[in-house]
Amino acid sequence: MNNTTNVEQTQKPAKSASPLQLAMRRFLRNKLAVAGIFILIFFVLIALFAPLLTTHDPTKSNLMNVMAKPSAEHWLGTDSSGRDNFARMVYGSRISLTVGVAAMAFTLMIGVVLGSLAGYYGGKIDSLIMRAADLMLIFPFLLLVLTVMAILEKINVPIFVTIIALTTWPNITRILRGTFLALREKEFILGARSIGCSDFRIIVKHFLPNAVGPIIVNATLMMATMIIIESALSFIGFGIPQPTPTWGNMVTEARSLRVLTQHPEAWIPPGLAILFTVLAINFIGDGLRDAFDPKTKR
């Protein structure tokens, strides 16, 4: 009798893994994506513990010590205003990562709301939102951003994040709208409507959970894009203004031929920080895309 029970227990089928567990397994098999997580954690830790890593004020100028070479006091030397490069790089990670995360979150919030409304209701609402998105996409992004920043003149981090979010929402809106349109006639959606569920409940409980894959993937890739945008705009003088330290602001030192050739310590470290951070986020995004893709082999 006991033998029969043991055989039945061994033949009992194992509990099937949830879609989230399967996605996590696929993600962890992607070595580049896992490496990207560790790289990103490294820079996040630098940002969090910046006060413990340096005692220098990243915004304090010392005109008597301009463009100093690396030393025991200034590990990466000083910039053209006498500010410590290592301190600026460490504290700059805070601003650059904050801009990337905040701009991504704000853009995502706008895109999710507008994309949900357009994809769920269709008709005039869809037409109005899509025409607004098309209008935003017609204008060259760089020209639009530079025009707005030139008008405002004074830029800080919240204003910079708001400008970027208000000019980059159309892409995520179009992606989410397409996902909603594909789900709108599914049986579980029609069933929820037939039992009288409110539009808000249907969107939150049924649409968004089924669109979480595209949302997460595009959110990670968008964060990398935001960091590049901040760096590029800072390089041409339209990003976060000095003396606020950002990686993009530090790379602007390379515009001087003297600094470019004689002081690589002033611009190579922040340039590498941008490179590795963006690569890490892209690796994570690619890993998430493969993990949430149902066609990926398990």
Side-chain angles (χ1 to χ4, degrees), residues 36-104 149 153-161 163-164 223-281:
I37 288 180
F38 282 107
I39 294 172
L40 187 58
I41 290 174
F42 171 75
F43 284 110
V44 170
L45 290 176
I46 287 177
L48 291 175
F49 297 103
L52 301 179
L53 298 176
T54 179
T55 57
H56 290 282
D57 185 344
T59 63
K60 185 177 180 180
S61 299
N62 181 5
L63 298 180
M64 301 298 293
N65 195 27
V66 172
M67 299 309 300
K69 286 290 187 179
S71 63
E73 183 179 359
H74 302 287
W75 292 357
L76 294 178
T78 61
D79 64 6
S80 57
S81 296
R83 297 177 292 236
D84 183 77
N85 282 327
F86 180 74
R88 289 182 63 76
M89 182 173 172
V90 170
Y91 279 92
S93 64
R94 288 184 167 187
I95 304 299
S96 295
L97 293 176
T98 298
V99 168
V101 172
M104 175 270 291
M149 290 185 174
E153 293 184 357
K154 294 183 179 180
I155 303 294
N156 55 28
V157 174
I159 292 176
F160 184 85
V161 167
I163 293 172
I164 297 300
M223 179 180 171
T225 302
M226 297 304 178
I227 293 176
I228 293 175
I229 289 174
E230 183 277 322
S231 302
L233 290 176
S234 294
F235 184 78
I236 61 177
F238 283 88
I240 307 299
Q242 298 281 10
T244 303
T246 71
W247 292 336
N249 277 342
M250 293 187 68
V251 175
T252 59
E253 294 287 347
R255 290 190 295 180
S256 167
L257 182 60
R258 175 172 171 267
V259 175
L260 187 65
T261 56
Q262 300 180 19
H263 296 276
E265 72 279 355
W267 58 273
I268 288 182
L272 290 176
I274 296 170
L275 173 65
F276 284 117
T277 302
V278 171
L279 279 178
I281 296 172

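Below, each value reflects all heavy atoms present in this structure, side chains not excepted, and no hydrogens, waters or symmetry copies.
Counting only residues at least two apart or in different chains, ring-ring contact (aromatic ring centres under 6.0 Å, His included) contacts with residues 256-279 are absent. Under the salt bridge (Lys or Arg N to Asp or Glu O under 4.0 Å) criterion, no residue pair touches residues 255-266, with sequence neighbours excluded. Screening residues 71-84 for salt bridge (Lys or Arg N to Asp or Glu O under 4.0 Å), with sequence neighbours left out, gives Asp79-Arg83, Asp79-Arg88. Residue pairs satisfying the side-chain hydrogen bond (donor to acceptor under 3.5 Å, both in side chains) criterion with at least one member in residues 38-57, sequence neighbours excluded, are listed as follows: Asp57-Thr59.
Under the 4.5 Å side-chain criterion, counting only non-hydrogen atoms from C-beta, Pro51 is in contact with Tyr91. With contacts defined as side-chain heavy-atom distances shorter than 4.5 Å, the pair Val99/Thr246 does not qualify. Between Asn156 and Thr244, the closest side-chain pair of non-hydrogen atoms is not below 4.5 Å. Contact annotation: the side chain of Ile227 approaches that of Ile281 to within less than 4.5 Å [non-hydrogen atoms, C-beta and beyond]. Taking the side chain as every heavy atom from C-beta outward, Asn62 and Thr78 never approach each other to under 4.5 Å.
With sequence neighbours excluded, no residue satisfies side chain to side chain donor-acceptor pair (under 3.5 Å) with Thr98. The side-chain contact (heavy atoms from CB on, under 4.5 Å) check on Ile228 picks up Val278, with sequence neighbours excluded. For Ser234, the side chain to side chain donor-acceptor pair (under 3.5 Å) test picks out Glu230, with sequence neighbours left out. Contacts of Ala102 classified as side-chain contact (heavy atoms from CB on, under 4.5 Å), with partners at least two apart in sequence or in another chain: Val161. In this structure, the side-chain contact (heavy atoms from CB on, under 4.5 Å) partners of Ile37, at least two apart in sequence or on a different chain, are Phe27, Ile41, Ile284. Not counting sequence neighbours, the partners of Phe38 by the side-chain contact (heavy atoms from CB on, under 4.5 Å) test are Val34. The ring pair (Phe, Tyr, Trp, His ring centres under 6.0 Å) check on Trp75 picks up Phe86, with sequence neighbours excluded. Every side chain to side chain donor-acceptor pair (under 3.5 Å) that Asn65 has, sequence neighbours left out, goes to His74.
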Could you go through the side chain to side chain contact (heavy atoms under 4.5 Å, CB included) check for Ile39 and Leu279 one step at a time?
CA-CA 9 Å; Ile39 294 172; Leu279 279 178; over 6 Å; no
Before giving the answer on side chain to side chain contact (heavy atoms under 4.5 Å, CB included), spell out for Leu97 and Thr277 the whole-Å C-alpha distance, their side-chain angles and the decisive distance to 0.1 Å.
CA-CA 9 Å; Leu97 293 176; Thr277 302; 4.0 Å; yes
Run the side chain to side chain contact (heavy atoms under 4.5 Å, CB included) test on Gln242 and Thr252 for me, step by step, so that the C-alpha distance in whole Å, both residues' side-chain angles and the decisive distance to 0.1 Å come before the verdict.
CA-CA 11 Å; Gln242 298 281 10; Thr252 59; 4.2 Å; yes
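Here CE of Met250 is found 14.0 Å from CZ of Phe235. Values are rounded to the nearest 0.5 Å.
Contact detail for Asn85 and Leu76: the closest heavy-atom pair is ND2-O, 3.0 Å. The nearest pair of heavy atoms linking Met67 to Ser80 is SD-N, 3.2 Å. Ser81 and Ser61 get closest at one heavy-atom pair: O-CB, 3.2 Å. Taking both residues in full, the closest heavy atoms of Met89 and Pro270 are given as SD-N, 4.1 Å, listed atom of the first, atom of the second, then distance. In terms of heavy atoms, Ser96 sits closest to Trp247 at OG-N, 3.2 Å. Here the closest non-hydrogen pair linking Ile46 and Ser93 is CG2-OG, 3.8 Å.
Other residues, nucleotides and ligands place more than 12 heavy atoms under 6.0 Å from the NZ atom of Lys69.
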